[in-house]
Amino acid sequence: MAKTKIDLKALSDQDLEQKIAEETLHLKRLKFSHAISPLENPMSIRQTRREIARLKTELRRRQLQARQDAAIQSENNKQ
């Protein structure tokens with residue numbers, strides 16, 4: 001079952017944080033299930049980890065962009 005890629009840029013910051021929390025919980029459940037009995041598709045653990053990384057990267061990119069925009073705005077206000 002292949003997951004469809006979601007458009008990260010269309011999500012709000014809150015949606016991203018919620019999605020990160022959901023995927024993290026999903027990863028914990030996958031790892032727990034895999035520890036008890038082998039998963040049918042152990043690559044799903046890797047895919048979930050990478051999806052979490054993509055989500056966190058997008059969230060961090062937005063934070064840095066907002067910080068940069070604020071710095072530029074304060075520079076413009078000083079002039």
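Quick caveat: nothing in here was measured; it's all calculated off a predicted structure.
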Only pairs at least two apart or in different chains count here, so list each side chain to side chain donor-acceptor pair (under 3.5 Å) that has a residue in residues 57-68. Asp13-Arg62, Glu58-Arg61, Glu58-Arg62, Gln65-Asp69
Result for side-chain contact (heavy atoms from CB on, under 4.5 Å) between Arg49 and one of Arg46, Glu51, Gln47 points to Arg46
With rounding to the nearest 0.5 angstrom, report the CD1 to CG distance, Ile72 to Asn77. 12.0 Å
side-chain hydrogen bond (donor to acceptor under 3.5 Å, both in side chains) filter on Asp15, not counting sequence neighbours, yields Ser12
Value for CD (Glu23) from OG1 (Thr48), rounded to nearest 0.5 Å, stands at 6.0 Å
Do Ile20 and Leu8 share a hydrophobic cluster, counting only Ile, Leu, Val, Met, Phe, Trp and Tyr and linking them when any side-chain heavy atoms are less than 4.5 Å apart? yes
Which heavy-atom pair separates His34 from Leu39 by the least distance, and what is that distance? ND1-N, 3.2 Å
Share the residues that join Ile36 in a hydrophobic cluster, the rule being Ile, Leu, Val, Met, Phe, Trp or Tyr side chains under 4.5 Å apart at the heavy-atom level. Phe32
Hydrophobic cluster membership, with links at side-chain heavy-atom distances under 4.5 Å among I/L/V/M/F/W/Y: are Leu59 and Leu11 in one? yes
Calculate, to the nearest 0.5 Å, the distance between atoms CD1 and NZ belonging to Ile52 and Lys19 respectively. 10.5 Å
Give every residue pair that meets the salt bridge (charged side-chain N to carboxylate O under 4.0 Å, His left out) criterion with at least one member in residues 26-42, sequence neighbours excluded. none
